[in-house]
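One structure below.
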Amino acid sequence: MMAAFCAAAMIGCGTKTVKDSDVVMEIAGQAVVKAEYQMILAGYQAEIKRQYDTDTANREDFWTNGQQGERPLDRIMQLARQDLTHRKAVAQLAEENGIGIKTDYMSVSAQTETENESRGEAGADGEDVYGLTSFSIRQYYDYACTQAEYELIESLKGGQEVPEEELAQIYQEHKADYTSDVSVKMLVAELSAESGVELAEQAAENMKQETDLQKLAKRYPDIGFYEIEMSSLNMQEGKSGAYMQRWLTASAMQPGEVCKPFAIGENLMAMRCLARSEHEVQPFEEVKGLLKDDVQSSRAYEEIEAREEEARAEPAVSQKELEQIALEALEVPED
């Protein structure tokens, strides 16, 4: 894809020279340069071609020849414009809300170069480099846009007051959404894998008769024992994918049942099911925080969508020139 950014400046067909750094349109008051437009557009190339058979997709005139009532070129340009409209609406709102993350292409390009140089120097000096050793412009661009949107959502949520009376009314109207398929209360033994499977098996066997946390902890000081309540609505596993196995195992167990030890990240875990219920409506007090966050998030996204609807793409080049710029990106072989 990087080849698209370095394509020849002349786009032919009698049009004027358009450099990669030249603005080709403005959306929501935010500039879109040629290289950015081509980068976003090329990202939809595979998606568009998958909609056609191989012979059709490989035709030299594929993009400009009418297919199923429209040219693939028109469709991919529409997708790119929609994508950019969302990003630029977010950028505009982020700036208005005091979020200092730069997501314009030229800033991101400079940031990418600086970050890659820093990581390269650190690696050469033998320092630990976490994550990727280098970023492509697209990777850093997506990262910056995602981070800006996350901070914007949190900012918009923070400015919203949702009275408890309103939350209670929403809860009553949507109780089915807060009815769990399965709810379980579990006694859990968690220990380092270095402690060994044998110790985990001993603890699991003891948990068949003993459920007192203090007694278990005294007998097995190298094991962490705790109780946890989980449901299909609130499994408490979202922040760590490694712990998803805890929920998958627990949700299949019946009261009194003790599972065999299993790996959980770098640890071992054994569990006893203390209680189980099905199709249980979660009390308002338990879901109030989650419900408030859902309402605030929904309203924040509605504000972004409203800004997208207001946004207009103001071209800085002719439609013919924009089509040639698009074709220039699409003719570059995919990486």
Side-chain angles (χ1 to χ4, degrees), residues 1-28 30 32-91 103 105 108-109 112 132 134-146 149 241 301 304-305 308-309 311-335:
M1 185 180 293
M2 292 298 293
F5 308 148
C6 304
M10 294 299 293
I11 58 178
C13 298
T15 60
K16 65 182 179 181
T17 299
V18 180
K19 299 178 181 179
D20 286 351
S21 59
D22 285 348
V23 176
V24 296
M25 68 177 70
E26 285 191 0
I27 302 176
Q30 308 290 309
V32 177
V33 300
K34 175 188 173 184
E36 179 180 16
Y37 179 71
Q38 290 186 321
M39 177 181 68
I40 294 298
L41 185 133
Y44 288 100
Q45 185 168 357
E47 178 181 330
I48 293 294
K49 286 198 168 187
R50 279 197 299 268
Q51 300 173 22
Y52 301 88
D53 62 75
T54 303
D55 289 340
T56 300
N58 288 336
R59 287 177 51 172
E60 290 187 5
D61 64 347
F62 169 73
W63 294 107
T64 55
N65 188 48
Q67 306 286 339
Q68 302 175 3
E70 69 173 344
R71 297 184 305 169
L73 178 63
D74 298 326
R75 179 58 182 151
I76 199 170
M77 291 177 69
Q78 180 185 26
L79 290 175
R81 187 167 58 251
Q82 291 172 346
D83 187 322
L84 286 163
T85 298
H86 175 78
R87 293 176 191 266
K88 299 309 179 183
V90 168
T103 60
Y105 183 85
V108 169
S109 180
T112 304
L132 297 174
S134 65
F135 293 91
S136 68
I137 294 179
R138 180 59 194 259
Q139 288 171 327
Y140 208 88
Y141 178 86
D142 285 342
Y143 164 77
C145 290
T146 299
E149 184 165 342
Y301 280 111
I304 293 174
E305 290 172 4
E308 287 183 55
E309 292 177 1
R312 293 291 181 269
E314 302 292 341
V317 297
S318 70
Q319 179 64 22
K320 182 178 180 181
E321 288 172 321
L322 194 62
E323 288 184 5
Q324 290 298 326
I325 289 169
L327 288 170
E328 178 186 305
L330 297 170
E331 289 169 358
V332 175
E334 297 176 85
D335 292 338

Checklist entry - Partners of Asp142 by side-chain hydrogen bond (donor to acceptor under 3.5 Å, both in side chains), sequence neighbours excluded? => result Arg87, Arg138
Next on the checklist: Can you give me the closest heavy-atom contact between Phe62 and Ala57, atom names plus distance?
Outcome noted: CD1-CA, 3.7 Å
Checklist outcome for this item: side chain to side chain contact (heavy atoms under 4.5 Å, CB included) filter on Ser21, not counting sequence neighbours, yields Lys19, Met106
Checklist entry - Heavy atoms, side chains only, cut-off 4.5 Å: are Leu41 and Ile325 in contact? => result no
Checklist entry - What pairs with Asp53 under side chain to side chain contact (heavy atoms under 4.5 Å, CB included), at least two apart in sequence or on another chain? => result Asp55, Thr56
Item to check | side chain to side chain contact (heavy atoms under 4.5 Å, CB included) involving Gln319 - partner list, sequence neighbours excluded | outcome: Met77, Leu322, Glu323
Checklist entry - With side chains defined as the heavy atoms from C-beta onward, is the minimum distance between Arg75 and Trp63 less than 4.5 Å? => result no
Next on the checklist: Check whether Glu47 reaches the backbone of Tyr44 with its side chain - one donor and one acceptor, N or O, closer than 3.5 Å.
Outcome noted: no
Checklist outcome for this item: Rounded to the nearest 0.5 Å, the CD1 atom of Ile76 sits from the CG atom of Leu330 at a distance of 5.0 Å
Checklist entry - With side chains defined as the heavy atoms from C-beta onward, is the minimum distance between Asp22 and Val317 less than 4.5 Å? => result no
Checklist entry - Does a side-chain heavy-atom distance below 4.5 Å link Lys34 with Tyr105? => result no
Item to check | Where Ala144 and Thr103 come nearest, the two heavy atoms and their spacing | outcome: O-CG2, 3.7 Å
Item to check | Spacing of Glu60 atom CD and Glu331 atom CD [to the nearest 0.5 Å] | outcome: 10.0 Å
Item to check | side-chain hydrogen bond (donor to acceptor under 3.5 Å, both in side chains) partners of Glu308, counting only residues at least two apart | outcome: His86
Checklist entry - Who are the side-chain hydrogen bond (donor to acceptor under 3.5 Å, both in side chains) partners of Tyr140, not counting sequence neighbours? => result none
Next on the checklist: My understanding is that only residues two or more places apart in sequence, or in another chain, count here; which of them pass side-chain hydrogen bond (donor to acceptor under 3.5 Å, both in side chains) with Tyr141?
Outcome noted: Glu36
Item to check | Residues forming a side chain to side chain contact (heavy atoms under 4.5 Å, CB included) with Arg81, sequence neighbours excluded | outcome: Gln78, Thr85, Ala313
